[in-house]
Structures are given as structure tokens and as C-alpha cells.
Amino acid sequence: MARQFFVGGNFKMNGNIKTIKDIVKNINAAKLDDSVEVVIAPPTLYLLLAREHLRPGLEVAAQNIFDKPNGAFTGEISVEQLKDSGITWTILGHSERRVILQEDDSFVASKTKAAIDGGISVILCCGESLEQREANKTIEVVTTQLKAVADKVKDWTKIVVAYEPIWAIGTGKVATTEQAQEVHAAIREWLKKEVSPEAAEATRILYGGSVTEKNSGELSKQPDIDGFLVGGASLKPAFVDIINCKGA
Ligand code: 13P
């Protein structure tokens, strides 16, 4: 069974009411490849705005959630609150949260479990630093991050994995097609052994890190690259070209 190509836009802490409305308007007006699943992740404050304006059939993701249902957790948002607002996805485990906010593998796993148990789909990020790559630890780092989730979550049907090498994020230094394909294939092999052959076959593995309309076409031809998680370029009109890259 072919895996549906997936393109996510991670706006990170960028945008305001006007620019987010403009981005949504541009996506709504575009002719999009309708075989592609499209999800955009604006900052929390603009989730409802994006949901209200984005055309049906395209989904909105949070950039983070907390792993408790409600209560005294200042600054956090819950799975139930997302569902109540028509938000169906969340990004989890982004390297910016792992590194800057010091989220560890076990916390990311616990949040992934909360999302899946509550019925929210997850874009689960993993990826190595330059130092780890140079020490030949890429596969070990990535599979350790994923293993923490597999220990807590058995059903991977609502998880999309995003491989995002930290050295490629926001640097303009995209992984080569060979570098990306190699890690994606290793992740699929790991899924086969540690989750199930069915999960290995069905789970979308996205590449993220300096994806643009110029490099997306080549990357998308790799057998184990099932889409992208786009940062900077998702704020630009060319995001539409990345969504449509399979047909380009
Ligand atoms: P850039 O596309 O800006 O490199 O960011 C990638 C990313 O971190 C998406 O989550």
C-alpha cells in the first residue's frame, strides 16, 4: 500500500494575525496536489485563527502539548483543548524543544502517549547534532529517541516520524538525498524490528531541515522519504510548490 505523501509547515515562533491570515489565504487559493496530506502548525495563539480560515481538508497542528488532561500547569495546553478547537495534530520532540527547553526522550514519549491516547495525531521529530553525526552516532541517536516512544506507545498508526538533522535546520545546509535516504531507511528498518512490519510499511517518514521548492523534488523521489516538515519556507508562497513537488 502506497504511503500518502505528507507536507507539514512548522511556523515556529513566527507570524502575526496579518501574516498568518495571508499565508492561509495563499494556501487556500492555490491548486494543491490533492494526493498530498497538508498540515500547518502556527504558534499556539493563532491555532484557532488558522483553523477558522484554512479550507476544509487541510489540517492544523499544535507545536507542542502537555501530557496531563488539565489542571495547574501554567502555560501549557492539553489534548482535550486542542480537540475542542478542531486541531487534529501536534508536533512533538522538535530539536528546538529538546535542546532549548531541555525536553528529554522520556518526556517527549509521555506527551506522544497523551496525544495518541486522546486521539490527536503526532508529527514525532528526531535528529542528530553535527557532533553526533561526525561521531557516526546518527542512527543510534535517532533510534534511541524513537525507542523511548515505542516503549510507551504501541499503536503507531497516528504517528508520522520527522527526521530533522539539527545541523540542517535553518542553516540552508540541506542533507543530501543519500544522507536523508540512508537515515530514513534505517528508521524504517528499526520500525520493522521494534514496532511491527506493518508499522514499518505504513508509517510516513518526513525529512526536515532547509527544505525549499528547489530541493524538495529530488528529495521526494527517494523511496523512504514520504514528505517534509518545512520550517522557514512554509512561511513563504513557495510552500505551495513544496506541496506540489511530486508533480513538478
Ligand atoms: P527549516 O526548514 O527552516 O530548516 O526548519 C526545519 C524545521 O525545523 C521544521 O520543523
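Counting convention: from 1, in listed order, for ligands and their atoms alike.
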Engineer: Quick one: nearest non-hydrogen protein atom to atom 5 (O) of ligand 1, plus distance?
Structural biologist: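 Scanning the protein heavy atoms, the shortest distance from atom 5 (O) of ligand 1 goes to K12 NZ, 3.2 Å.
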Engineer: Please determine whether salt bridge (Lys or Arg N to Asp or Glu O under 4.0 Å) holds for the pair K158 and D117, giving the CA-CA distance in whole Å, both sets of side-chain angles, and the decisive distance to 0.1 Å.
Structural biologist: CA-CA 10 Å; K158 282 176 167 259; D117 287 353; over 6 Å; no
Engineer: Decide whether I225 and I169 are clustered together by the hydrophobic rule: side chain heavy atoms of Ile, Leu, Val, Met, Phe, Trp, Tyr closer than 4.5 Å, transitively.
Structural biologist: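 No; tracing contacts between hydrophobic side chains, which count when under 4.5 Å, never links both residues.
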Engineer: What is the closest protein heavy atom to atom 2 (O) of ligand 1, and at what distance does it sit?
Structural biologist: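 I find the closest protein heavy atom is G231 N, 2.9 Å.
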Engineer: What atoms of ligand 1 come within less than 4.0 Å of a heavy atom belonging to G209?
Structural biologist: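 Reading through ligand 1 atom by atom, the close ones are 4 (O), 6 (C).
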Engineer: What protein heavy atom is closest to atom 3 (O) of ligand 1, reported as residue, atom name and distance in Å?
Structural biologist: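 The closest heavy atom on the protein side is G232 N, 2.8 Å.
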Engineer: Determine whether any heavy atom of S95 lies closer than 4.0 Å to an atom of ligand 1.
Structural biologist: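 The answer is no, since S95 has no heavy atom less than 4.0 Å from ligand 1.
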Engineer: Side chains of H94 and E164 only: does a donor on one sit below 3.5 Å from an acceptor on the other?
Structural biologist: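 Short answer, yes.
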Engineer: Taking only heavy atoms of L229 into account, list the atoms of ligand 1 that are under 4.0 Å away from them.
Structural biologist: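 That gives atoms 9 (C), 10 (O) of ligand 1.
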Engineer: Under a 4.0 angstrom heavy-atom cut-off, which atoms of ligand 1 come close to A168?
Structural biologist: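 Counting from 1, the qualifying ligand atoms are 4 (O).
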Engineer: Look only at interatomic distance and state if H94 has a nitrogen or oxygen under 3.5 Å from any nitrogen or oxygen of ligand 1.
Structural biologist: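 Indeed, backbone or side chain, H94 has an N or O that close.
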Engineer: Any idea which protein heavy atom is nearest atom 9 (C) of ligand 1, and the distance to it?
Structural biologist: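 Here the nearest protein heavy atom works out to E164 OE2, 2.9 Å.
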Engineer: Does some non-hydrogen atom of A233 fall short of 4.0 Å from ligand 1?
Structural biologist: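 Under 4.0 Å: no for A233.
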Engineer: Determine, step by step, whether I40 and V24 satisfy the side-chain contact (heavy atoms from CB on, under 4.5 Å) criterion, reporting the C-alpha distance in whole Å, the side-chain angles of both residues, the deciding distance to 0.1 Å, and the verdict.
Structural biologist: CA-CA 9 Å; I40 58 166; V24 168; 4.0 Å; yes
Engineer: When you measure from the side chain of N215 to the backbone of T176, do you find a donor-acceptor pair of N or O atoms at a distance under 3.5 Å?
Structural biologist: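 Judged by distance alone, no pair lies under 3.5 Å.
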Engineer: Just do the side chain to side chain donor-acceptor pair (under 3.5 Å) check on N244 and K31 with the steps written out, would you?
Structural biologist: CA-CA 9 Å; N244 290 337; K31 170 129 187 47; over 6 Å; no
Engineer: If you measure only the distance, is there a donor-acceptor pair under 3.5 Å linking the side chains of E218 and T177?
Structural biologist: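 Looking only at side-chain atoms, T177 and E218 do not form any donor-acceptor pair under 3.5 Å.
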Engineer: Take the angle between the ring planes of F66 and F73 and call it parallel below 30°, perpendicular above 60°, tilted in between.
Structural biologist: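 F66 and F73: tilted rings.
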Engineer: Would you mind checking if E37 and R204 are paired as a salt bridge, meaning a charged N to carboxylate O distance below 4.0 Å?
Structural biologist: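 A salt bridge links R204 with E37.
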Engineer: Is it the side chain (CB and beyond), the backbone, both or neither of A162 that lies under 4.0 Å from ligand 1, heavy atoms counted?
Structural biologist: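 No part of A162 comes within reach of ligand 1.
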Engineer: Counting non-hydrogen protein atoms only, what is the nearest one to atom 4 (O) of ligand 1? Give residue, atom name and distance.
Structural biologist: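 Answer, as residue, atom name and distance: G170 N, 2.6 Å.
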Engineer: Can you confirm, on distance only, whether ligand 1 has an N/O atom lying under 3.5 Å from any N/O atom belonging to E96?
Structural biologist: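 By distance alone, the answer is no.
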Engineer: Which bit of N10 gets closer than 4.0 Å to ligand 1, counting heavy atoms only: side chain, backbone, both or neither?
Structural biologist: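 It is the side chain that touches ligand 1; the backbone stays farther off.
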